[in-house]
2 protein chains.
Amino acid sequence: MARTTGSHSDITGPRVRAAALRLFARGGYAAVSMRAIAAEVGVQAGALYNYTPDKQSLLFDLMQAHMTDLLAETPHDPSRPAMQQLQDFVAFHIRFHADRPDEVFIAYMELRNLTEENFAVIERLRRDYEDRLESILRAGVASGDFAVADTKIVTLAIIAMLTGVNTWYRAGGRLSLDEVVAQYWDMVRKAVTA
Amino acid sequence: MARTTGSHSDITGPRVRAAALRLFARGGYAAVSMRAIAAEVGVQAGALYNYTPDKQSLLFDLMQAHMTDLLAETPHDPSRPAMQQLQDFVAFHIRFHADRPDEVFIAYMELRNLTEENFAVIERLRRDYEDRLESILRAGVASGDFAVADTKIVTLAIIAMLTGVNTWYRAGGRLSLDEVVAQYWDMVRKAVTA
DNA sequence: TAATTTAATGAACAAGCGTTCAAAAGCAAA
DNA sequence: TTTGCTTTTGAACGCTTGTTCATTAAATTA
């Protein structure tokens, strides 16, 4: 009994999500039709509704999965010095985001296409992630390692700067990811120290 | 003869652009219908076509006007020390963008909804703006004022960081724009010096 | 092989899309 | 008041949208 009552195909389901991810990232949620997603999967539009209740859930599930992964993988070790925690965070953020350009693009561009309830959920996860960084900054200020006047502003500035990497970085380009991480860490380190 | 043959209303035209700007910024280009824009202006959809050949031109004209304004107002005085040119640039960028949240939002979010030709035009203007900053960084490196390994990366990092202000800054909030400018200048200055 | 469950089809739905255009309305000059 | 031009209307066009559902096909279990 490999197939349980009520279960759906374990092949088509992931392909639907993958197609939605690709197409949403390239064309934008509003501009991508269910028929276009179905065509990418090689199926008729009606079949998609075996795997998602509606188009909105398709978007929301992608964004929620991305944010949940992000939070689950974020390094977190308060026992380490703040400076090293910050370095770990910078390296992690750049690498994690470089690995998932489509997810990142959607997470930043399609917020306004979420329903009010769904938006609140994603926004909360985003804030949780920001809080991880701000905690590090506050620890560094407390220990005297960082010279930061307003940890909230610096948090947002660092995240904006790091996420900006995704607008230009391409694997196999002029710079390796190691070099990118090193350069950004150099800027961040200098910006938060006296 | 206040009205010249072939001219269009000088009242409705600007209102159409203003409505398109507002609605595109709030809902996204693809999700905003011509009928919605018309309703915002208080007119029927057909009337819009007295002021724009099509929806695409409405978007393109808004973005082009924004980028042209940006470039026209960017401070540029190579005779000043690089450090002061950079400070001027940072202050200008933050203030200019804070004044035009809708235009900025559209300019960053709706690039993919431009036709290929229109995209090339906007992309070129964006690159021109980046080059302004990179010129300042190169001058500072040449004069020994800046310690920057890769001016291209630092250019993109600074612009991403500064533009990020628009995601959270609201007039009348916790911080004045002067304070925001001061904090960001502090970070940028430290990041580009040894 | 027969019975049962799951997955996909393909047509249909009401609604909305960008755009066009003949007709009507509004206004300035003569 | 009449003439001529500008602007708006309102209907219509062909097409696409998200979603539903009875039917068919396929695969699994018995």
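None of these values were measured; they are calculated from a predicted model. Labels below follow one simple rule: chain letters A, B, ... track the order of the sequence lines, proteins then strands, and each chain is numbered from 1.
- Counting only residues at least two apart or in different chains, side chain to side chain donor-acceptor pair (under 3.5 Å) contacts with residues 57-73 of chain B comprise Asp54(B)-Ser57(B).
- Taking every heavy atom of both residues into account, Leu137(A) and Thr151(A) meet most closely at CD1-O, 3.8 Å.
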Show me the protein contacts with nucleotides 20-23 of chain C, counting only N or O atoms at under 3.5 Å.
none

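- Of the charged side-chain nitrogens involved, none lies within less than 4.0 Å of a carboxylate oxygen, so that Arg15(A) and Glu40(A) do not count as a salt-bridged pair.
- The stretch residues 19-28 of chain B does not touch DNA chain D, since none of its heavy atoms comes less than 4.0 Å from the strand.
- Counting heavy atoms from C-beta on, the side chains of Val148(A) and Arg138(A) never come closer than 4.5 Å.
- Salt bridge Asp145(B)/Arg189(B): absent, no basic N to carboxylate O contact under 4.0 Å.
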Tabulate protein N/O versus nucleotide N/O from nucleotides 15-17 of chain C, keeping only pairs under 3.5 Å, one per line.
residue	atom	partner	partner atom	Å
dC17(C)	OP1	Ser33(B)	OG	3.2

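- When the P atom of dT17(D) is taken as reference, atom CD1 of Ile37(A) falls 11 Å away, rounded to whole Å.
- Fit an axis to the five pairs at each end of the helix from dT1(C)-dA30(D) to dA30(C)-dT1(D) and the two axes sit 10° apart, to the nearest 10 degrees.
- Thr12(A) has a side-chain polar atom (N or O) that falls below the 4.0 Å cut-off from OP1 or OP2 of dA8(C).
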Discussion item. Walk me through whether Ser135(A) and His76(A) qualify under side-chain hydrogen bond (donor to acceptor under 3.5 Å, both in side chains).
Written reply: CA-CA 10 Å; Ser135(A) 295; His76(A) 180 59; over 6 Å; no
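- The nearest whole Å value for the distance from the CG atom in Leu48(A) to the P atom in dC21(D) is 17 Å.
- Residues Thr74(B) and His93(B) form no side-chain contact, since every pair of their non-hydrogen atoms from C-beta on lies 4.5 Å or further apart.
- Atom P of nucleotide dT19(C) and atom CD of Gln44(B) are separated by 17 Å, given to the nearest angstrom.
- Aromatic ring centroids of His97(B) and Phe105(B) lie 6.0 Å or more apart.
- If you measure from atom CG of Asn50(B) to atom C1' of dG26(C), you get 14 Å, rounded to the nearest angstrom.
- Ring centroid separation for the pair Tyr184(B) and Tyr169(B) does not come in under the 6.0 Å cut-off.
- By the salt bridge (Lys or Arg N to Asp or Glu O under 4.0 Å) test, Glu103(B) is found to be paired with no residue, residues two or more places apart in sequence or in another chain being considered.
- Counting to the nearest Å, the P atom of dT6(C) and the OH atom of Tyr51(A) are 12 Å from each other.
- Looking at heavy atoms from C-beta onward, Leu58(B) lies out of side-chain contact with Leu48(B) at the 4.5 angstrom threshold.
- Taking atom CD1 of residue Ile11(A) and atom P of nucleotide dT6(C), one finds them 16 Å apart after rounding to whole Å.
- How far OH of Tyr29(B) is from CG of Leu62(B): 10.5 Å, rounded to the nearest 0.5 Å.
- In summary, of the residues considered (Leu133(A), Ile136(A), Val90(A)), a side-chain contact (heavy atoms from CB on, under 4.5 Å) with Gln85(A) occurs for Ile136(A) alone.
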